[in-house]
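Here is the structure we will look at.
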Number of protein chains: 2
Amino acid sequence: MDKVQIVEVGPRDGLQNEKEIVPVAAKIQLIDKLVAAGLKRVEASSFVNPRWIPQLADAEEVLQGIARPADVTFSALVPNLRGLERAAASGLREVALFMSASESHNQKNINKSIEDTFPVLQEVAREALTLGLRVRGYVSTVFGCPYEGSVPLENSRRVTNALLEMGVFEVSLGDTIGVATPKQVHEKIGALVKDVTTERLAGHFHDTRGTGLANVAAALDEGLRTFDSSIGGLGGCPYAPGAAGNISTEDLVYMLHGMDYETGVDLERLTEAGAFIQQQLGRELSSKVLKASLACKTV
Amino acid sequence: MDKVQIVEVGPRDGLQNEKEIVPVAAKIQLIDKLVAAGLKRVEASSFVNPRWIPQLADAEEVLQGIARPADVTFSALVPNLRGLERAAASGLREVALFMSASESHNQKNINKSIEDTFPVLQEVAREALTLGLRVRGYVSTVFGCPYEGSVPLENSRRVTNALLEMGVFEVSLGDTIGVATPKQVHEKIGALVKDVTTERLAGHFHDTRGTGLANVAAALDEGLRTFDSSIGGLGGCPYAPGAAGNISTEDLVYMLHGMDYETGVDLERLTEAGAFIQQQLGRELSSKVLKASLACKTV
């Protein structure tokens with residue numbers, strides 16, 4: 001059977017969107033449950049300035065509290081050398097860098113032009129590699145930008161190649177505002193895999209308009225075998241508060257298993273993790289497998 | 001541009017799952033709004049015995065109250081000759097017959113074996129065609145049965161062919177409990193389109209596990225150009241109360257337009273219809289485009 005790697009981003013990309021601070025203990029329990037369900041790659045937090053994202057100010061405590069089995073890779077976002085220092089001090093073996101394919105989103109998000117972001121990330125990547133860490137890269141707004149609308153393929157290609165040249169082992173291509181449909185996925189990912197081996201690309205889809213899993217299926221057709229997702233479908237879209245967030249890990253795993261892909265994840269234990277964080281947050285999450293699973297249990 | 005036909009089933013497949021009776025006036029307004037958004041095929045109600053589905057006991061009133069532009073085809077489910085009589089008396093030009101691909105679901109739903117259902121539907125079809133009505137057919141549980149689990153392709157083929165031989169112009173292949181993934185869609189629909197021209201088949205997907213639009217994309221690959229969907233994602237799964245229902249018309253139209261298919265539907269007016277019925281029902285519906293659209297409006 002063909003294998004698919006899932007990068008669980010709920011504790012970071014998901015929880016950073018929550019208004020109410022989630023207690024450290026709940027985050028630790030959540031991550032432990034995700035690992036118990038069989039996930040081998042978990043983005044646990046972000047070492048950005050706590051003033052930017054107060055929800056993730058507890059990154060050190062979370063990383064100190066979770067079980068850290070040797071076969072699971074935990075990672076965290078780092079925007080700069082200070083973040084990298086904190087990540088390394090927390091014993092992480094992987095960090096993730098991020099930037100955008102569109103100029104205005106990069107400017108608003110990182111406060112720098114794309115051109116000026118390269119040397120900063122280059123320095124962080126070099127230092128991380130020197131420390132023996134693995135470095136992942138995120139490219140945002142590959143399929144559309146909240147400020148500019150459509151984003152030329154050439155922009156994504158340029159940023160992807162720059163990250164790869166810095167030594168990142170994998171670039172995650174993000175549909176940050178969830179506008180893609182399978183047609184764009186075929187076109188853009190189809191073009192990018194011609195430059196880069198599929199092993200070095202991942203798909204990061206948001207389900208803002210319901211097309212998330214359809215986009216995964218299209219990306220599978222193009223050879224991608226690594227996808228980011230979020231337990232329960234946690235997360236959202238800062239440009240449309242209330243809209244749906246990342247694709248749900250439960251729904252992704254359901255679809256992949258139905259298509260005979262091996263993920264190593266136990267779907268039942270995974271929905272227990274989803275049910276746990278749903279109860280913690282006190283509102284219904286968007287994962288449909290979670291809903292169906294809880295509905296079946298009450299029958 | 002390639003055209004896709006959408007059969008809006010919200011007023012029937014959607015509303016029949018609502019516990020609280022929706023007032024006739026609201027149903028009429030909903031259907032008028034759906035038509036105003038550009039939908040050309042609307043399943044308005046069901047002429048089953050009102051004791052079975054009290055929510056749709058007002059079929060005649062609904063059909064009397066709605067605007068009936070000449071270029072829009074309204075239809076309704078009919079289980080028997082009595083239903084057909086009522087449908088014809090309401091001035092409908094199209095009716096829909098239904099049965100299952102799996103024996104136990106057919107038995108529980110229609111109270112007859114598959115074999116014994118054929119002559120009943122045959123009689124209804126003959127009479128409808130004599131009256132000059134167009135007859136549509138539904139096959140339920142094509143991708144899985146709540147009692148039997150997986151359903152052999154051969155069952156769906158047999159029932160589909162039987163319906164076509166009765167003179168139905170189109171068979172809608174239903175993933176009644178929303179278990180399909182793109183792999184099964186490619187396999188089953190890929191096989192059925194070899195027997196039957198794609199023009200005579202439609203896809204009817206439920207989003208119980210989040211794979212609905214991914215399944216539509218797979219069915220488009222197989223040549224299907226007609227899909228059933230439900231405004232707001234109304235509807236549910238009687239076997240998993242609380243689970244998601246039909247694929248949402250808003251999400252379907254968003255994806256199709258993004259893939260350069262022509263639907264004739266104005267997405268903005270469509271979300272107005274979704275917002276209307278969401279407000280009527282007083283709870284958040286599952287359409288993600290609806291959520292994103294309302295979220296953007298409040299920003």
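These numbers come from a predicted model, not from an experiment. To find a chain, count down the sequence lines: A is the first, B the second, and so on, and within it residues start at 1. FYI, side chains are in, hydrogens and waters are out, and symmetry mates aren't considered; it's all heavy atoms of this structure.
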B:D2 atom CG, neighbour heavy-atom count above 12 within 6.0 Å = yes

Within 6.0 Å of CD in A:Q279, more than 12 heavy atoms from elsewhere | no

Which heavy atom of A:L213 sits nearest a heavy atom of B:R209, and at what distance?
-> CD1-O, 4.5 Å

Looking at B:M259 and A:T181, what are the two nearest heavy atoms and their distance?
-> CG-OG1, 3.4 Å

Could you tell me which portion of A:A292 (side chain, backbone, both or neither) has an atom closer than 4.5 angstrom to a non-hydrogen atom of chain B?
-> both

Quick one: what part of [X] sits under 4.5 Å from any heavy atom of chain A, side chain, backbone, both or neither?
{"X": "B:N215", "answer": "neither"}
{"X": "B:E187", "answer": "neither"}
{"X": "B:V179", "answer": "both"}

Identify, with sequence neighbours excluded, every residue that meets side-chain contact (heavy atoms from CB on, under 4.5 Å) alongside B:A101.
-> B:V139, B:T141, B:V151, B:N155, B:S156

Residues which pass side-chain contact (heavy atoms from CB on, under 4.5 Å) with A:S286, listed by chain and number, not counting sequence neighbours | B:K288

Please, which pairs that meet side chain to side chain donor-acceptor pair (under 3.5 Å) have at least one residue in residues 263-276 of chain B, sequence neighbours excluded?
-> B:H257-B:T263

Residues of residues 243-252 of chain A within contact distance of chain B, non-hydrogen under 4.5 Å | A:A243, A:A244, A:D251

Can you tell which of B:M255, B:Q184, B:E284, B:H186 has the highest number of heavy-atom pairs within less than 4.5 Å of chain A?
-> B:M255

